[in-house]
Structures are given as C-alpha cells and as structure tokens.
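Have a look at the structure below before the remarks.
Throughout, residue positions are numbered sequentially from 1 according to the sequence presented. Here the structure is a predicted model, which is why all the values come from computation and not from measurement.
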Amino acid sequence: MKFDNIIIGGGLSGLTCGIKLAEQGKKCAIVSSGQSAIHFFSGSFDLLGKIDGQDVKNPLEAIKILPDTHPYQRVGIENISRLVVEAPRLLDRAGLNFFGKADENHFVLTPMGIMKPTWLTIDDFTRFEQNDAFPWKKAVILNFSGFLDFHTLFVQDGLKKYNVNTQIKNFAMKEFEAIRRNPSEMRSTNIAKVFDSGDALDEFAKKVNQLSEGFEVVLLPAVFGLFTKNVALNLKAKVNKPVVLLPAIPPSVPGIRSQILLRKRFEELGGTYFLGDIVEQGTFKNNRLVAVQTNNHGDIKLEADQFVLASGSFYSKGIVATREKLYEPILGLDIDGDTDSEKWLDEKFFNDQPYMHYGVKTDSGFHALKNGKPIENLFAAGSVLGGANALKEGSGAGISLLTSLHVAEQILK
C-alpha cells in the first residue's frame, strides 16, 4: 500500500500532524498501537506552565528563555507565535472547542483542589483568571455512590486554602445499580454511557438541584459526554447553580471524546487509521525510509514518500530503557540521552530527572538521526523528542501540537 505520508503513532501529535497534512490533500495513514495519552486528558492543553517551579504568566515570553535544545526553541519563536493561533483552529474544525490565550495562562481547578496554569481548556471545564481565590465560598462536592475514581476529600482539602466551605454528598440512582455491583464496572466511561442514552440526565439534574440547595456552586466529576459535548452543556443548563466539572482518574471522558473527534476528522479528510497495529520494522534505502512493516499487515509493506515518528516517550514505549541500554524500539534511531544508566536518575525523587529530557535525536529540521545521519524523509514530533521535561514544565500538549504542525509544514514545503 502506498501513501504520501505515514505517521507512526495515533495520539495527539500523530492526529494533529495527520489532519494538517490531509487538509492539504495529502494521502495519509496513521498506524496506532492502541490507547494514547489523550485518554489521560485533564481537560486542558498546557503550553508552558512552570519554569524552575514558578508559575508562568505569559508562555510566549517565557519560551524565549528556554535552552536552545528545547523543542520550542528549535521550532523557532516566530513559528511558535504563529502555530499557537493555528492549533486551536485545527481543533475547532474537528469539533473541539478550546479557549485560552498563548500570551496569558489561565487557571483550572485540578482533582487535588489546586489551581494549575494552562493554555487551552475545553469548554466542558471552568476557567479561572487567578490562582489565589475561588469565586464561590460555599460549595457542594457531589459524587456517585460506588464511584472510586473521584477523590472528593482531596478536592475538599485543596479548597480549604481558598476559605471555601465545602460539603461532600454521595448519591445513588437506579440507572447505576447494575454497574455498581462490580467496582471495576463503576468507571467514568460506563457512567458516561448511561447519560449518553435515555432520560438519566433529567433525573440526575433534579437530584443535583435538590442536593445543592443552600450552596453557591456544584462540583462534579467530568463523566458527561463520551460521544458528544452536548450532554455536559445540557446538564449545566438544567442545574440551577454554576457547575464546575473536575477530571476523574483516567480513562478521561473528555479525552476519549477528543480522540474520537480527531480521528473522525482525519478519516473524513480521507485519512486511513490503522488501529491496534504495531510497526515492527522499516526498510531503509539510500538514507531514506521507503516502507514499514506492521504486525497486522504481515508481508504487505506500507510505503510512503514521507514518514513521521510520533510514537511518544517512555509511557507509550516510543522510547525504551532497560538495565543495559536506552533505545528507540521501532526503527533503531539514535537517542539523545546519556548511555550511562547510572546518570539517568537523580537520587532525589522530586528533582528534575535527567531521563525525562531524553528523546530521539534529530537535526535542526526535525529529521530523525540513525547512526549519526539524518534520514531525509523521516521526521520526529511530539513527546518522542528530547530536550524538555514536559511534566515539570507543563508543556507536553504544547510540544505535541506545535512540533507536529511544524513538521507538517516542513513536509508540505
């Protein structure tokens, strides 16, 4: 099978790149091994949240002081300033409405009850302009009886520092009795499916209105709208008080919806999405990657003019570390990281861990390197790149979105 572009990895980075290319008429395929990090989506995409532990107010200005090895610096400040405008527009065309500004972080309330700076927040969730106050002083935190993935005590404890008087209330509904019998079934996605069909939302809204009497705001787990955002919007319209949704333990309902809509957009543009397939090896010729072989396609090679590696970092096994070595497992690409395993970790757990900065080595044009030489038609994008500790910085989604768009532009030139 022959394509213009093949992207290895079907998460945020791979889908963003694929959509950008497909919008320009390219015949694209994405090979996705399965569940991506979007399923752990918190409701927001960070651009740059912290530097040296301090909150960043203006990410676009703060990016300028990052080291030259950082993916943002390698994309270029002028390109970043342009791509931060393009990214939410691409998401909007996929049916995902995000709000936020790249030159001014807003804040979202986390499941730990603390305010976190971020760039773009999906419209299910509430955005706050400051992190030292909570707009309401009397809140009720509601949870479904038997739902263990929403830690109400953490939320309550976190809100104490904002002098918020909170009360936790659990409630039951007959629609959830069947899944409550097995704790493993009482998960966010199964709850969301109940609300996606039938009249459960109307009954639920009535219960919320009863339980929230005497309170200024209602806090709920984000378990609404697995296949459409209308469920969350309808709930807010039916409840008499402001509703603040908070992420629950993954799988994330808004995250799965985001994955579904991005994939739908890609396929509507003519893209081919190979779900549950794994690239096992590549065929190189004259310093070019000419084809890849996957587990599901056996001897049938997938050929393309250009390839993009968006396979993720350690979590998704885009990079693998053993006691003996650090390596990229699919194509045997060079890794930008220390070969001495004793230098991978800092003995102090909460310090900036060296291994978090490791990734596939690329040239200035994001061509992946193999045996010290850039592969002419193979690009790397997203968290498979090195040069940043996305967890510490709060930059993971931004790196995925913006490097993918940048790589797509290099391919389209």
Any salt bridge linking [X] with [Y]? Criterion: basic side-chain nitrogen under 4.0 Å from a carboxylate oxygen.
| X | Y | answer |
| --- | --- | --- |
| Asp334 | Lys370 | no |
| Arg265 | Glu23 | yes |
| Glu303 | Lys2 | no |

Tell me if a side-chain donor or acceptor on [X] pairs with a main-chain N or O of [Y] at a distance below 3.5 Å.
| X | Y | answer |
| --- | --- | --- |
| Asp46 | Gly49 | no |
| Asn105 | Val56 | yes |
| Thr121 | Phe99 | no |
| Ser188 | Pro251 | yes |
| Arg288 | Gln306 | no |
| Asp277 | Asn296 | yes |
| Glu267 | Gly271 | no |
| Lys169 | Leu211 | yes |

Close aromatic pair by centroid cut-off 6.0 Å: [X] and [Y]:
| X | Y | result |
| --- | --- | --- |
| Phe307 | Phe379 | no |
| Phe128 | Tyr162 | no |
| Phe176 | Phe204 | no |

_Would you say that more than 12 heavy atoms from the other residues, nucleotides or ligands in this model lie under 6.0 Å from the NZ of Lys161, or not?_
yes
